[in-house]
Amino acid sequence: MQYLQKNDRQIYNLIQKEEKRQYSEVRLIPSENYTSKAVMEASGSVLTNKYSEGYAGKRYYQGQVYIDEIEILAKTRAEELFKVSHANVQPYSGSPANLACYMALLEPGDKIMGMTLTSGGHLTHGASVSAIGKLFEIVPYTVSEKTGLLDFDELEKIAIKEKPKLIIAGYTAYPRKVSFSKFKAIAKKVGAYLHADIAHISGLIVSGEHPSPSPHADTIMTTTHKSLRGPRGAMIMCNSKLAQDIDRAVFPGLQGGPHDNTTAAIAVALKEALGSDFRKYGKQVVRNAQALAEGLQEIGLKLSTGGTDTHLILADVTPLGLIGKQAAVALEKAGLIVNANTIPFDKRSPFSPSGIRLGTPAITTLGMKEKEMKEIVKFIKEVFDHVDNDRKLKQVRKEVEEFMASYR
Ligand code: DSN
């Protein structure tokens, strides 16, 4: 980054520090990852200089000869990887991509049935503070209070009573496999569209670790930067019948020019995900999450649903006499990065919830395995035994940095 170093020393220095942070702390936020250098090269390329409103072969600007080829590569790789007949790779990120799906399929005021934010839904699944909550009528659902699992009998009852036009399956804090076929059966019964938000699990789906929504869902949305390990962006996938509606909802419905540098980086990430190593990666992500979950349970955390079969763990820290934010802040002081999170039926507020959310996509990319999960649990225990002891937390941070030194 010699030009940046010369032209803007402040930003250069901050990026250097952030890079150092990313490789000296244990990054356990389940929606984060490390992209390859190839993805970053595409993302930081001259493609950022181009405008290309429209789609390949039908653009509003000239000079698209290479851009069209790049977008077609990204699109066809997505279609091959997810076994779908149409992919739109232009959405800027997950929130506008979800909105584009709703705009393509619904009219403002229509009913959307989505998981509540506090039980693991996303803002764009109907939270009142989101534009979605203002534009559509929201029928919320949650998980079983007893098991923390999706309760399909209850979901069916709600759907029959409320007759939503669209049902959303897919979450930001649900640690178990989602049965898209069961969702489809309910959607079919009430004449609703099924929208699958696979932002968190798309990397697990393509590596065969989670069932795919592709035969069941009408629309599928994924971000590209989580377990899929690409640049920050999103994609929408659907059958050919809905392709035109989806494309129009993205452009010109919600967006102007696509970010061509991101499109190219998505294409690179998809090529990586098509390779056989990615299957091994997905398998190890889940193994690591399960090993971590087991260890966390042993040190007294109460896990939502009692464990995980994905990349993600949702843990109630109150049995240890802690609260989520306090736990997350103490962990950060020791170089372990998680996020405070509500647990289903949380008695505390979303800003000061009872739980923490952890995941293994990033640390698995670095090459960590079950053995390292044991080390991480030991660090976490040390932190939780000394949350108010800054001197001790500093000492744990030193040990964490030594542990991370071999993953640079
Ligand atoms: N903000 C993302 C997450 O952390 O899960 C969801 O979009």
Side-chain angles (χ1 to χ4, degrees), residues 22 25-35 91-102 112 114-133 142-143 148 168-178 195-205 210 213 219-237 254 259 262 266 269 285-286 289 292 304-305 308 310-315 324-325 327-329 331-332 336-344 346 350-351 353 355-365:
Q22 288 190 12
E25 296 183 335
V26 180
R27 297 175 59 226
L28 294 164
I29 292 177
S31 45
E32 293 184 3
N33 213 325
Y34 296 88
T35 65
Y92 299 144
S93 205
S95 297
N98 273 340
L99 181 56
C101 293
Y102 311 153
I112 294 181
M115 175 84 94
T116 57
L117 188 62
T118 48
S119 294
H122 187 250
L123 280 166
T124 55
H125 298 175
S128 57
V129 288
S130 153
I132 313 296
T142 181
V143 290
I168 304 168
Y171 312 100
T172 63
Y174 185 70
R176 296 293 178 177
K177 284 183 181 153
V178 177
H195 174 65
D197 180 340
I198 59 166
H200 264 262
I201 53 172
S202 52
L204 303 184
I205 289 170
H210 191 291
T219 47
I220 302 169
M221 192 292 295
T222 184
T223 50
T224 45
H225 48 272
K226 297 188 175 86
S227 56
L228 195 55
R229 218 162 57 178
R232 295 196 81 90
M235 312 190 297
I236 300 171
M237 293 165 281
L254 283 166
H259 297 170
T262 300
I266 289 174
V285 165
V286 176
L292 193 58
S304 180
T305 78
T308 183
T310 64
H311 64 302
L312 179 146
I313 300 158
L314 191 57
K325 194 73 182 175
V329 169
L331 287 169
E332 181 171 11
L336 299 139
I337 307 298
V338 303
N339 70 279
N341 214 96
T342 50
I343 50 168
D346 208 325
F351 195 69
I356 55 172
R357 190 182 66 149
L358 312 90
T360 52
I363 53 174
T364 306
T365 294

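Counting convention: from 1, in listed order, for ligands and their atoms alike. Reckoned from all heavy atoms, side chains included, excluding hydrogens, waters and symmetry mates. On a predicted model such as this, the values are computed, not experimentally measured, just so you know.
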| query | When you look for protein heavy atoms under 4.0 Å from ligand 1, which residues do they belong to? | reply | S31, H122, T172, H200, K226, R357
| task | Quick one: do D197 and H125 satisfy side-chain hydrogen bond (donor to acceptor under 3.5 Å, both in side chains)? Show the steps, please. | result | CA-CA 9 Å; D197 180 340; H125 298 175; 2.8 Å; yes
| E25: what forms a salt bridge (Lys or Arg N to Asp or Glu O under 4.0 Å) with it, not counting sequence neighbours? | R21, R397
| field | Side-chain donor-acceptor contact under 3.5 Å, N33 with T365 | value | yes
| Would I337 and L28 count as a side-chain contact (heavy atoms from CB on, under 4.5 Å) if you check the C-alpha gap in whole Å, the side-chain angles of each, and the deciding distance to 0.1 Å? | CA-CA 5 Å; I337 307 298; L28 294 164; 5.9 Å; no
| field | Q22: partners by side-chain hydrogen bond (donor to acceptor under 3.5 Å, both in side chains), with sequence neighbours left out | value | E18
| request: Report the residues that fulfil salt bridge (Lys or Arg N to Asp or Glu O under 4.0 Å) with R229, sequence neighbours left out, ordered by chain and then residue number. | output: none
